[in-house]
Each structure stands twice: as structure tokens, then as C-alpha cells.
Amino acid sequence: QVHLMESGGGSVQAGGSLRLSCAPLPSAHIPFNNCRAWFRQVPGKEREGVAAIYRNGGGTYYRDSVKGRFTISQDNVNNTWYLQMNDLKPEDTAMYFCAISAFSCGLPRIEYNYWGQGTQVTVSS
């Protein structure tokens, strides 16, 4: 069920920074891996795409509200990807999930089929 594992969440004050990490579980079998991404979700809301990156370095995507503050990156040698979050705002508070898309790349949730269990990010004012 759970193929990926996030880490790095926590509680910070507005303006602070966090760095999230994601990697497949050792037992995960992912035959196709074209895109890595980060999503977030708050209660009562749809899970929304935050950032995505082509595994082969083909490009990145960001939702408008995080542009200039968040950066997605990856380390293909270690099969790990990251979300560096700077200048965090209370509205960034959410459960953050990492994900893999076998083929497509972008922010729509429907494109992703491998997920982590989530890591909580809480930003206080």
C-alpha cells in the first residue's frame, strides 16, 4: 500500500524553513518512474499539487502560491527527492505527501499512483 516514505515535517513559526525528504521503501517495486512530486492536503480540501520534477531532469512545476519560496530537487544516485520550503506561511500548514507518477508529470493528482503516508507541516503566526 505505502510505497514511499516522507520525513522532515514539523512545527515552525511563520518565516521559517523546513526541508522534506522522500525515498521509496526498500521493498517498493516501482517499474516506471517518470516524475516525482509533492502534494499537500488539509481537512475538508482536495489534495493539491505543490511541486513536481521530471526524474530525467526535464523540468519542474510549482503551484503559484509557493513559487519563489519552495524548491523541489532530487538525488538520483540515492533515489531521493526533496522539498525545500522557505518563508513558510500559516496557509502552508498541511499534511505533505510525496508521490511518483509512472508516466505523466505535473500537478494534477490523477497522474500519480505511488504515495507516501504523509508528514505534517504546521506553521504558526
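Atom set for the values below is all heavy atoms of this structure, side chains included, hydrogens, waters and symmetry mates excluded. Here the structure is a predicted model, which means the values were calculated and not measured. All residue numbers refer to positions in the sequence shown, counting from 1.
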Close side-chain approach of Ile72 and Phe70, heavy atoms under 4.5 Å
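Answer no - side chains too far apart.
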Student check: side-chain heavy atoms of Leu107 and Glu48 closer than 4.5 Å:
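Heavy-atom side-chain distance check fails, nothing below 4.5 Å.
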Tell me whether [X] contacts the main-chain N or O of [Y] through its side chain, where contact means a donor paired with an acceptor under 3.5 Å.
X      : Y      : result
Asn76  : Arg55  : yes
Asp92  : Lys89  : yes
Arg40  : Met95  : no
Gln120 : Tyr96  : no
Asn78  : Thr80  : no
Ser101 : Glu111 : yes

Rounded at 0.5 Å granularity, tell me how far [atom1] in [X] sits from [atom2] in [Y].
X      : Y      : atom1 : atom2 : answer
Glu6   : Cys22  : CD    : SG    : 5.5 Å
Asn86  : Arg69  : CG    : CZ    : 9.0 Å
Gln117 : Leu4   : CD    : CG    : 10.5 Å
Leu20  : Thr119 : CG    : OG1   : 6.0 Å
Cys105 : Ile100 : SG    : CD1   : 11.0 Å

When the side chains of residues 24-35 are checked against the rest of the protein, which donor-acceptor pairs come out under 3.5 Å, sequence neighbours left out?
{"from": "Asn34", "atom 1": "ND2", "to": "Phe103", "atom 2": "O", "distance (Å)": "2.3"}

Just by distance, no angles: are the side chains of Gln74 and Arg36 close enough, under 3.5 Å, to form a donor-acceptor pair?
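Arg36 and Gln74 do have a side-chain donor-acceptor pair below 3.5 Å.
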Ring-face cation of Arg19 near Tyr82 (centre distance under 6.0 Å, axis angle within 45°)
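Yes, a cation-pi geometry.
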Is there a path of hydrophobic side-chain contacts, each under 4.5 Å between heavy atoms of I/L/V/M/F/W/Y residues, joining Phe97 to Tyr62?
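No, it is not one cluster - the side chains of Tyr62 and Phe97 are not joined through contacts under 4.5 Å.
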Please say yes or no: joined through hydrophobic side-chain contacts below 4.5 Å, possibly via intermediate residues, are Met85 and Val50 part of one cluster?
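In one cluster: yes.
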Over all atoms of both residues, closest heavy-atom pair of [X] and [Y]:
X     : Y      : value
Trp81 : Ala37  : NE1-O, 3.4 Å
Leu18 : Gly8   : CD2-O, 3.8 Å
Ala51 : Leu83  : CB-CD1, 4.1 Å
Ala52 : Tyr112 : CB-OH, 3.5 Å
Val42 : Thr93  : CG1-O, 3.1 Å

Would you call the rings of Tyr61 and Tyr54 parallel, tilted or perpendicular, where under 30° means parallel and over 60° means perpendicular?
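Rings of Tyr61 and Tyr54: tilted, as their planes differ by 30° to 60°.
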I want to know whether Trp115 and Phe39 have ring centres closer than 6.0 Å.
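Centroid distance Trp115-Phe39: below 6.0 Å, so yes.
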Show the numbers, then the answer: is there a salt bridge (charged side-chain N to carboxylate O under 4.0 Å, His left out) between Arg109 and Glu46?
CA-CA 9 Å; Arg109 182 184 183 277; Glu46 296 283 341; over 6 Å; no
